Amino acid sequence: MAFPSPASPALRYASRHPLFSFTCLKPPNLISLASSSHGRRSISISTPSCCSSASPLLSLPQNDHLLEFGRGEIHQNLPKGSKVLLKGMNYGELQEWVQSHGFRPGQALMLWKRLYGDNIWAHVIDELEGLNKDFKKMLSEHAELRALSLKDVRTASDGTRKILFELDDGLVIETVVIPCDRGRTTVCVSSQVGCAMNCQFCYTGRMGLRRHLTAAEIVEQAVYARRLLFPDIGSITNVVFMGMGEPFHNIENVIKAADIMVDEQGLHFSPRKVTVSTSGLVPQLKHFLHESNCALAVSLNATTDEVRNWIMPINRKYKINLLLETLREELKLKNNYKVLFEYVMLAGINDSIEDANRLIDLVKGIPCKINLISFNPHSGSQFKPSSDERMIEFRNVLAKGGCIVFMRFSRGDDQMAACGQLGNPGSIQASLLRVPEQFRVALNTGT
């Protein structure tokens, strides 16, 4: 089938319905980008059946402006060929699997430590030193250690590394490692190929959603980054789920991956140094706070529903007041826990002194910190970054109002490795939403 022109019925449908939801209740028509047997990409519109592998909590709006290219499957720990991916198992599951093949639980612990600890981070069977011969033979026949293939590493002028990984199906994800001269090095992992949220300031959002990542594919990003870069930059101390994708749209695999990362016998990241970010999926946010001890970041980016409805369409489903009231109530149940609010500064859109004062009022009663983020321009971007002077002025208003506030400037932007710059949208992209009239001057646009 020939690839469609921009005027094709399928793409006209996509432009009229730029937000496709993923729900087990009433599966909508989705645009599926698939490869034919001849390797050529084709496009079709299909109605998926109710997907039993989807999280029962997952229910996104059907009439808002989110976009999924492909069915956005939640890939579980499926065999790689006839072999099982070990990094898709938590320790309890690995122990059961090892015992099911007739070996002692102690062998599972030794294997776990070689996958995640002892500075080994094994990728192949030959690197599993110290395991008995029969156990290694069983593993070579039934297990796969590696979930990703290294495609490229790009180094920015400030030392930030962007790592491109190829998946088994040929799709590519991006992971970023950010060194810091204060002894902290952060790996920013992806949770999806693309993203369905269609945030207007985010380059990844232009892709739509190709598919969810498995727990193994998420964990492997942190493992591979440690293995690859340890000789150059030392230990990676922090993990942020702020790469490609909306982590809470892939909630079960994200929680599982985070649990593997904080296991004391393995990668042993502190739960407070593993931060999962969300655009504001309220049911999944509750689930995360109940099930995980890891840190939470909420990408807020606006102080009114009018602005947030435009720049973050998920707000049409979960309004600012609902999101913040949920946090206010849920955090009463957690001790010594602060949510991090992320606020991307967009010149003339959300950076006024009035916005700063509204933000102070909005977060009252919520234990929190606020991170002001410099917007990172990208191809096709409508927005401009706020000036450093405006960011400092905005910060000072927040600080005077009693907020704990930080400023985060661009890292890795000369290699498209900065916040909001990841991904490769290709020729079919999510639609840009109509700019509210009062902001057209700020964007120098008439539409």
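The structure displayed is predicted, hence computed values, not measured ones.
- For N315 and W310, the side-chain atoms include no donor-acceptor pair closer than 3.5 Å.
- Looking at E437 and R440, no side-chain N of the basic residue comes within less than 4.0 Å of a carboxylate O on the acidic one, giving no salt bridge.
- Each of R227, K87, R226 was evaluated against E220; a single residue qualifies, K87, per the salt bridge (Lys or Arg N to Asp or Glu O under 4.0 Å) test.
- Side-chain atoms of E174 and S190 include no donor-acceptor pair closer than 3.5 Å.
- Rounding to the nearest 0.5 angstrom, the gap separating the CZ atom in F241 from the CG atom in N250 is 9.5 Å.
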> Yes or no on side-chain hydrogen bond (donor to acceptor under 3.5 Å, both in side chains) for T278 and E246, after CA distance, side-chain angles and deciding distance?
Replying inline: CA-CA 6 Å; T278 181; E246 162 55 61; 3.0 Å; yes
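- Judged by distance alone, the side chains of N198 and R206 do bring a donor and an acceptor atom under 3.5 Å apart.
- Using a 30° and 60° split on the angle between ring planes, F288 and F248 fall in the tilted class, from 30° to 60°.
- From T304, atom OG1 reaches atom CG of D355 across 7.0 Å, with rounding to the nearest 0.5 Å.
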> Run the side chain to side chain contact (heavy atoms under 4.5 Å, CB included) check on T214 and E217 step by step: do they pass?
Replying inline: CA-CA 5 Å; T214 65; E217 290 165 337; 3.2 Å; yes
>> As a quick check of understanding, evaluate salt bridge (charged side-chain N to carboxylate O under 4.0 Å, His left out) for D152 and K162, giving each step before the final call.
In response: CA-CA 8 Å; D152 195 12; K162 180 163 79 168; over 6 Å; no
> Can you check ring-ring contact (aromatic ring centres under 6.0 Å, His included) on W121 and Y224, steps first, answer last?
Replying inline: CA-CA 8 Å; W121 308 307; Y224 215 130; over 10 Å; no
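- Between the side chains of E342 and S277, at least one donor-acceptor pair of N or O atoms lies under 3.5 Å.
- Side-chain N or O atoms of S279 include none that pairs as donor or acceptor with a backbone N or O of S299 at under 3.5 Å.
- In this model, no donor atom of one side chain and acceptor atom of the other lie less than 3.5 Å apart for N238 and T186.
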> Stepwise, does the side chain to side chain contact (heavy atoms under 4.5 Å, CB included) test hold for E354 with R358?
Replying inline: CA-CA 6 Å; E354 291 76 15; R358 277 194 296 265; 4.0 Å; yes
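- The CG atom of L327 sits 6.5 Å away from atom CG of L324, with the distance rounded to the nearest 0.5 Å.
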